[in-house]
Enquirer: 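Sending over a structure as structure tokens; questions will come in a sec.
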Protein chains: 2
Amino acid sequence: MENYHPDECLVNTALAPIIGKWKVLILLHIDYHTTLRFNELRRAIPDITQRVLTAHLRELEQEHLIERRVFGQGRPKVEYSLSEHGQTLQPILRQLHAWGKAHHAYLAAQQQK
Amino acid sequence: MENYHPDECLVNTALAPIIGKWKVLILLHIDYHTTLRFNELRRAIPDITQRVLTAHLRELEQEHLIERRVFGQGRPKVEYSLSEHGQTLQPILRQLHAWGKAHHAYLAAQQQK
DNA sequence: CAGCATCCTCGCGGATACTG
DNA sequence: CAGTATCCGCGAGGATGCTG
């Protein structure tokens, strides 16, 4: 692991795009299904408001982490998918997923003592 | 990579302990110096208020990510360090660090087009 | 279906002053 | 040195209604 120094730390700039109560969850769902439509995402994350969902999708799009494709003919249809650059987040997302599990188990075990 | 499913996702529970504007930065500093005293942390992160620093340290402690040791004799002296469990976060922290750099470079390159 | 427009709440984080 | 104790502002997120 190369040297690192916390000053002028980029972790905050690294986290900024994925912080926000739902962003990582959105990314994971899109990743998991490869591509998702707007209302599919709403159903997948029932507790999110569409106002917030829209806002987060816009931000993720502006940071080039996801791509938004519109198929206009007939009924509106919009598909979201991870951008090429967004895919670089995959390993981190999955590590977080794994760590979350471990952390959860750890806290549960701690509780019983 | 083992199978994962975003429902009942643990990423949020994984992120919860490390979200908060400064938490990751605090963890990185403690990690980098192995052990740090309260005012050393304040100096290391000048923009943080001690109210907020205290609050975050307490939360990180409650989640067993850091350890707080008091050396009471004479002048008060408190040392913070990563707990054993907190060390499991190291790889993720450093990956975030690396990804932050890459993302930063990516956005900069994007800007020039 | 995929949003936009408003209005509102609430709690994180900040500022300042004080203490064992 | 390592914190409490108050007070406060602001902005992310929520609720509801409407639209091309």
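Since this is a predicted model, take the numbers as computed values, not measurements. Chain letters run A, B, ... following the sequence lines, proteins first and then strands; every chain starts at 1.
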Enquirer: Answer yes or no: is there a donor N or O on one side and an acceptor on the other, between the side chain of His33(A) and the main chain of Asp31(A), under 3.5 Å?
Expert: no
Enquirer: In B/S/- notation, 5' to 3', how is nucleotides 4-20 of chain C contacted by protein heavy atoms closer than 4.0 Å?
Expert: B-B------BBBBB--B
Enquirer: Taking ILVMFWY side chains as joined if any heavy atoms are under 4.5 angstrom apart, and letting links pass through other members, which residues group with Leu107(A)?
Expert: Tyr106(A)
Enquirer: Given dA2(C), dA2(D), dG3(D), which nucleotide is nearest the side-chain atoms of Lys77(B)?
Expert: dA2(D)
Enquirer: Only one of Asp47(A), Leu27(A), Leu41(A), Leu53(A) forms a side chain to side chain contact (heavy atoms under 4.5 Å, CB included) with Trp22(A), so which one is it?
Expert: Asp47(A)
Enquirer: To the nearest 0.5 Å, how far apart are NZ in Lys23(B) and CG in Leu89(B)?
Expert: 11.5 Å
Enquirer: Between Arg42(A) (CZ) and dA15(D) (P), how many Å, whole number?
Expert: 12 Å
Enquirer: Mind checking Tyr80(A) for me? I need base, sugar-phosphate or nothing, with any heavy atom below 4.0 Å counting as a touch.
Expert: sugar-phosphate
Enquirer: Rounded to whole angstroms, how far apart are CZ on Arg68(A) and C1' on dA2(C)?
Expert: 8 Å
Enquirer: For the pair made of CZ in Phe38(A) and P in dG20(D), what is the distance, rounded to whole Å?
Expert: 17 Å
Enquirer: Do the side chain of His29(B) and the main chain of Leu25(B) share a donor and acceptor less than 3.5 angstrom apart?
Expert: yes
Enquirer: To the nearest Å, how far apart are Ile45(A) CD1 and dA2(C) P?
Expert: 14 Å
Enquirer: Could you tell me how far apart Glu40(B) (CD) and dC1(D) (C1') are, to the nearest whole angstrom?
Expert: 11 Å
Enquirer: Sub-3.5 Å donor-acceptor pair from the side chain of Ser83(A) to the main-chain atoms of His64(A), do we have one?
Expert: yes
